[in-house]
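Nothing fancy with the numbering, it's 1 onward along the sequence. The model shown is predicted, which means the values in this text are computed figures rather than measured ones. What you see below is based on every heavy atom in this structure, not just the backbone, and it leaves out hydrogens, waters and symmetry mates.
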Amino acid sequence: QMADPFLYNTGERSHYGCLGHEVQIEHLKAYVCGPSFSTDKAVIVVHDVFGWRFPDIRYIVDLIAGHGYITICPDFFKGTEPWKSTDHWADFPDWMKNHDPMKVDKEADVVLKYLKEQCGAKKIGIVGFSWGGMAVHHLMLKNPQLTAGVSLYGIIRDSEERYRLLNPTFFIFGEKDHTISLDQIFLLEDKLKQYCKVPYKIKVYPGQVHGFAQLKPEDMKPDDKPYIEEARRDMIDWIKMFV
């Protein structure tokens with residue numbers, strides 16, 4: 001059996017008791033968690049191929065909420081099936097055709113409206129993992145309402161239109177990610193230097209594979225733990241700096 005190019009092992013996940021709750025916003029379901037005090041700052045979390053119900057992503061939502069943000073993870077797949085670790089890798093390109101990370105604008109607008117009108121959010125950032133990292137890269141080129149973005153190991157598609165970011169964006173990669181080569185990362189850096197007019201940052205974490213930054217503490221390997229924790233701190237620091 002061919003190794004899944006970027007699906008980290010999802011078989012050994014511990015159960016996670018969530019701190020937030022689910023809401024319905026127009027045509028979308030979403031998972032929301034807020035801090036214990038009121039705030040006008042919010043963060044949208046864009047899930048990976050495993051969807052909005054995946055325990056790791058809910059853990060991240062709760063983690064960000066704990067830093068003082070109304071945090072929301074909408075179902076960007078709009079009720080359709082997420083990818084499952086039991087699915088066949090050969091079917092992935094077809095699945096991706098129906099789950100295009102560049103077609104998230106409408107959902108983002110629905111969520112932004114909800115955060116502003118129902119939650120009183122004035123500054124809103126966005127964080128996305130893998131599939132969600134690609135979505136964040138796209139949205140940071142298109143949606144000026146997003147004050148800052150963090151894209152974690154979103155596959156890089158090269159084209160001239162992909163570098164004029166509207167607001168500060170931080171790109172996180174694992175050094176050993178076999179879906180994103182270091183050459184692609186250098187190209188991204190090179191093009192951003194040429195075209196990008198806002199603050200940006202690119203950081204590569206030693207020895208880390210695709211999906212490293214969203215593991216729950218009990219699922220981390222001891223060697224990876226310092227890098228996972230550092231990536232999460234860096235992610236939160238970027239949000240705190242701009243949102």
| request: Answer yes or no on whether R233 is positioned over the face of W238, meaning its NZ or CZ is under 6.0 Å from the six-membered ring centre and within 45° of the axis. | output: no
| query | Have D234 and Y205 got a donor and an acceptor in their side chains that come within less than 3.5 Å? | reply | yes
| said: Is the terminal nitrogen or CZ of K201 (NZ for Lys, CZ for Arg) located under 6.0 angstrom from the six-membered ring centre of F170 and within 45° of that ring's axis? | reply: yes
| Which atom names give the shortest non-hydrogen contact between V61 and C73, and what distance separates them? | CG2-CB, 3.7 Å
| Could you give the distance from NZ (K41) to CG (L115), rounded to the nearest 0.5 Å? | 14.5 Å
| task | Ignoring hydrogens and angles, state whether a donor on the side chain of H99 or T80 is under 3.5 Å from an acceptor on the partner side chain. | result | yes
| query | If we ignore angles and hydrogens, is there a donor and acceptor under 3.5 Å between the side chains of D190 and Y163? | reply | no
| request: Consider only side-chain N and O atoms of Q214 and Y153, and report whether a donor and an acceptor are under 3.5 Å apart. | output: yes
| Polar side chain donor-acceptor pair, K78 to H27, under 3.5 angstrom | no
| remark: The reported gap from CG in L19 to OH in Y31 (rounded to nearest 0.5 angstrom) is 5.5 Å
| For the residue pair F54 and F50, does the interplanar ring angle fall in the parallel (under 30°), tilted (30 to 60°) or perpendicular (over 60°) class? | tilted
| request: Answer yes if the side chains of Q145 and K116 hold a donor-acceptor pair under 3.5 Å, and no otherwise. | output: yes
| field | CG-CG distance between L165 and L146, expressed to the nearest 0.5 angstrom | value | 12.0 Å
| request: Might you point out which heavy atoms bring S151 and G133 nearest each other, and give the distance in Å? | output: OG-O, 2.8 Å
| Could you give the distance from NZ (K197) to CG (L166), rounded to the nearest 0.5 Å? | 12.0 Å
| request: Quick one: closest heavy-atom pair of R162 and R157, and the distance? | output: NE-O, 3.3 Å
| query | Between N143 and D109, does any side-chain donor sit less than 3.5 Å from a side-chain acceptor? | reply | yes
| request: For the pair F77 and H47, name the ring-plane relationship: parallel under 30°, tilted 30 to 60°, perpendicular over 60°. | output: perpendicular
| message | Once rounded to the nearest 0.5 Å, what's the spacing between atom NZ of K122 and atom OG1 of T39? | response | 10.0 Å
| query | Counting N and O atoms only, with roles assigned by atom type, does the side chain of T71 sit under 3.5 Å from a partner on the main chain of Y69, one being a donor and the other an acceptor? | reply | yes
| Does a donor on one side chain and an acceptor on the other come within less than 3.5 Å for T179 and H210? | yes
| query | So does K216 pair up with D219, basic N to acidic O under 4.0 Å? | reply | yes
| query | Can you check whether E26's main-chain N or O pairs, donor with acceptor, with Q24's side chain at less than 3.5 Å? | reply | yes
| task | Search all heavy atoms of A231 against all heavy atoms of A213 and return the closest pair with its distance. | result | CB-CB, 4.3 Å
| said: Under a 3.5 Å cutoff, is there a donor and acceptor pairing between the side chains of D224 and Q208? | reply: yes
| task | State the CZ-CG distance between F129 and D56, to the nearest 0.5 angstrom. | result | 9.5 Å
| message | What I want to check is whether the side chains of D105 and H138 have a donor and an acceptor closer together than 3.5 Å. | response | yes
| Residue pair A30 / I25: nearest heavy atoms and the distance that separates them | CB-CD1, 4.0 Å
